[in-house]
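Note that this is a predicted model, so its numbers are computed, not measured. To find a chain, count down the sequence lines: A is the first, B the second, and so on, and within it residues start at 1.
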Amino acid sequence: MAVSTVYTTHSLNSSCSISSPTRTQLGSHQRQVVFYRSSSCRGRSSRGRSVSVITCSTDTVVIGLAADSGCGKSTFMRRLTSVFGGAAEPPKGGNPDSNTLISDMTTVICLDDYHSLDRYGRKEKGVTALDPRANNFDLMYEQVKALKEGKAVDKPIYNHVTGLLDPPELIQPPKILVIEGLHPMFDARVRELLDFSIYLDISNEVKFAWKIQRDMAERGHSLESIKASIEARKPDFDAFIDPQKQYADAVIEVLPTQLIPDDNEGKVLRVKLVMKEGVKHFSPVYLFDEGSTISWIPCGRKLTCSYPGIKFAYGPDSYFSHEVSVLEMDGQFDRLDELIYVESHLSNLSTKFYGEVTQQMLKHADFPGSNNGTGLFQTIVGLKIRDLYEQIVASKAAVPVEATKA
Amino acid sequence: MATALANVSLSATRVAARPDSGKNPAPLASPFVKSPWRRAQRGWGMHVRARMSASSSPQSLSDQIAESVKKAEETCAGDAESGECAAAWDEVEEVSAAASHLKDKLKNSDPLETYCKDNPETNECRTYED
């Protein structure tokens, strides 16, 4: 019987090492120790006296972010990559219309790049980009899988300006791969590859308000055209995009405020962070007492808030028959001390120092949602993903992989 | 032995996996695998049309938005429930989102900074310590 014990250590660069067939003269009870520079290696020992096949891969952690167009994916991506430090930029010297963003730690790819039908093809067939028939899930699966295994891929580029598919770009396996788009959790095979998934669930009222903000200044648009576009896309949205939220580990729900009666301006928002329980390497944030049901109005004697104030809620709930914890914030921050006060009362934030949430929010005060629950919860999810990544790396480094074969 | 092995690095792990390399795993169960659209991505060449020139400016995208809204209204005049109508409004959404992203990109970028990121060695991008 040959026993090979493989100790893995994590290294900051993601290069891989391999041992070629080795032979020792120790006879049948031998023990080989092989050091790798990268984790997630599998050693297979052949019967007899040598470790003959070693496969190695990098530590790519894959995160999925799903949302409809115009629902804040880009802002979320900017907050997320900022938590990891370093600016995320398009690939240098590549196609200026590339949708990819690369930073030291993260690579964000846009799943529109896996459109199988370009704008003209969709028009011809009468299908929207939301329709699975306009997307190539086989290629999406193959390439995400390859990147997760540490292999570079030639990924197509969907050009949002021309509506055409441009020549592919080479994507190297990053430490953290984020796949964002309409369908990261649609295909079961792709879903299996995700270490963590997020769904941005924007209510119809808020979606309408956001699109008015975005498009009204365009001379081609009117209230009618904005409304017509949302309505025409809705059947496909309901059929193919919305159902993905049941698979998400975290859902950020954005709703109209309840602090102002009959408000439909969409300026003040009520935002819920739905966090699945029992997800590996992810422990939900809580308010005061984990698992209890709490309603909290921080504005009072110690903290004065301006109209319409701030209201928090926290408690256990059920979401698509999963056990979840829900943290809710209604209202908005008008002053810095409000944000710090709130941060100091939340637990399990996975911050590295006191005030990190506030610091991240301030750093990007110009991003949409920086004064309300969308910015707060996006930042918290970003910190949670950093924590998840660090836990995955640490668990691979700490536990010696034992490969035994009789 | 162990230390020697630690320094052996395998560069061949970074081989680009071309999706059409021929040894793709058999397509796994997906309800759309058999669809005729699948053919489209198998060869890059035939799918890539010439890029429209000078199309990535906010002005041209504004024109595209106006044009696509007009076309969507026309397409839907006949049948508001049709796939063609949904596809036409989907194009409006896509172009509107692209215009908004482009505006964000331009708002946050300084032309000299952008140029120097790609050409740090040129004279206009030199920085002096003293």
Side-chain angles (χ1 to χ4, degrees), chain A residues 15-19 22 33-35 37 56 69-70 74 92-93 96-97 116-117 119 121-123 126-130 132-133 136-139 142-143 146 150-154 156 159-162 164-168 170 172 187 189 214-215 218-221 225 228-229 232-233 235-236, chain B residues 1-3 5-6 8-10 13-19 24 27-28 30-33 35 37-38 40-41 44 47-49 51-52 55-56 61-62 65-70 72-73 76 80 82-94 96-102 104 117-118:
Chain A
S15 64
C16 225
S17 354
I18 195 168
S19 77
T22 54
V33 182
V34 185
F35 289 96
R37 290 180 57 217
C56 260
S69 163
S74 312
K92 284 200 174 59
D97 290 326
S116 53
L117 293 175
R119 198 178 287 159
R122 294 196 297 271
K123 191 181 281 179
V127 295
T128 67
L130 309 163
R133 288 174 297 174
N136 184 350
F137 289 101
D138 290 341
L139 184 62
E142 283 162 24
Q143 296 206 337
K151 296 175 202 145
V153 299
D154 259 330
N159 188 319
H160 288 93
V161 175
T162 62
L164 300 169
L165 284 157
D166 284 352
L170 184 68
Q172 295 292 348
D187 184 285
R189 298 165 299 167
R214 187 191 70 183
D215 296 337
E218 290 291 347
R219 81 191 136 74
H221 267 299
S225 67
S229 179
R233 295 172 77 255
D236 280 359
Chain B
M1 181 195 73
T3 37
L5 285 170
V8 182
S9 75
L10 181 75
T13 51
R14 291 278 176 91
V15 179
R18 276 201 70 94
N24 287 334
L28 292 153
S30 155
F32 306 105
V33 161
S35 77
W37 293 285
R38 194 166 176 273
Q41 343 61 47
W44 303 114
H47 207 64
V48 178
R49 296 178 212 183
R51 300 255 310 279
M52 291 173 206
S55 53
S56 332
L61 275 166
S62 283
I65 292 172
E67 204 182 305
S68 64
V69 168
K70 223 176 100 203
E73 284 166 350
C76 299
S82 69
E84 283 72 21
C85 171
W89 280 116
D90 189 41
E91 179 179 333
V92 172
E93 170 56 33
E94 187 175 276
S96 305
S100 161
H101 287 152
L102 186 65
D104 280 346
K117 221 170 266 165
D118 293 329

inquiry  = To check you understand the geometry: which heavy-atom pair defines the closest contact between A:Ala129 and B:Asp90, and what is its length?
reply    = N-OD2, 2.6 Å
task = State the NE2-NE2 distance between B:His101 and A:His160, to the nearest 0.5 angstrom.
result = 8.0 Å
key: Under 4.5 Å from any heavy atom of chain B - which part of A:Ser74   = side chain
remark   = Shortest non-hydrogen pair, A:Lys123 vs B:Glu84, comes out as O-CG, 4.3 Å
query = Most heavy-atom pairs under 4.5 angstrom with chain B, which of A:Ala228, A:Gly220, A:Gly70?
reply = A:Ala228
query = Rounded to the nearest 0.5 Å, how far does CD of B:Glu93 lie from CG of A:Asp215?
reply = 7.0 Å
query = A:Arg122 versus chain B, heavy atoms under 4.5 Å apart: side chain, backbone, both or neither?
reply = both
key: Pairing residues for A:Glu218 by the side-chain contact (heavy atoms from CB on, under 4.5 Å) criterion, not counting sequence neighbours   = A:His221, B:Ser62, B:Ile65, B:Ala99, B:Lys103
request  = State which residues pass side-chain contact (heavy atoms from CB on, under 4.5 Å) with B:Ala72; sequence neighbours excluded, sorted by chain then number.
outcome  = B:Ala88, B:Trp89, B:Val92
inquiry  = If we define contacts as heavy-atom pairs under 4.5 Å, which of B:Cys76, B:Ser96, B:Ala86 has the most with chain A?
reply    = B:Ser96
ask   = Among B:Gly83, B:Ser68, B:Ser82, who wins on heavy-atom pairs under 4.5 Å with chain A?
value = B:Gly83
query = How many angstroms lie between atom NZ of B:Lys70 and atom OG of A:Ser225, to the nearest 0.5 angstrom?
reply = 14.0 Å
request  = Identify the heavy atoms of A:Ser69 and B:Ala97 that sit nearest to each other, and give their distance.
outcome  = OG-CB, 3.7 Å
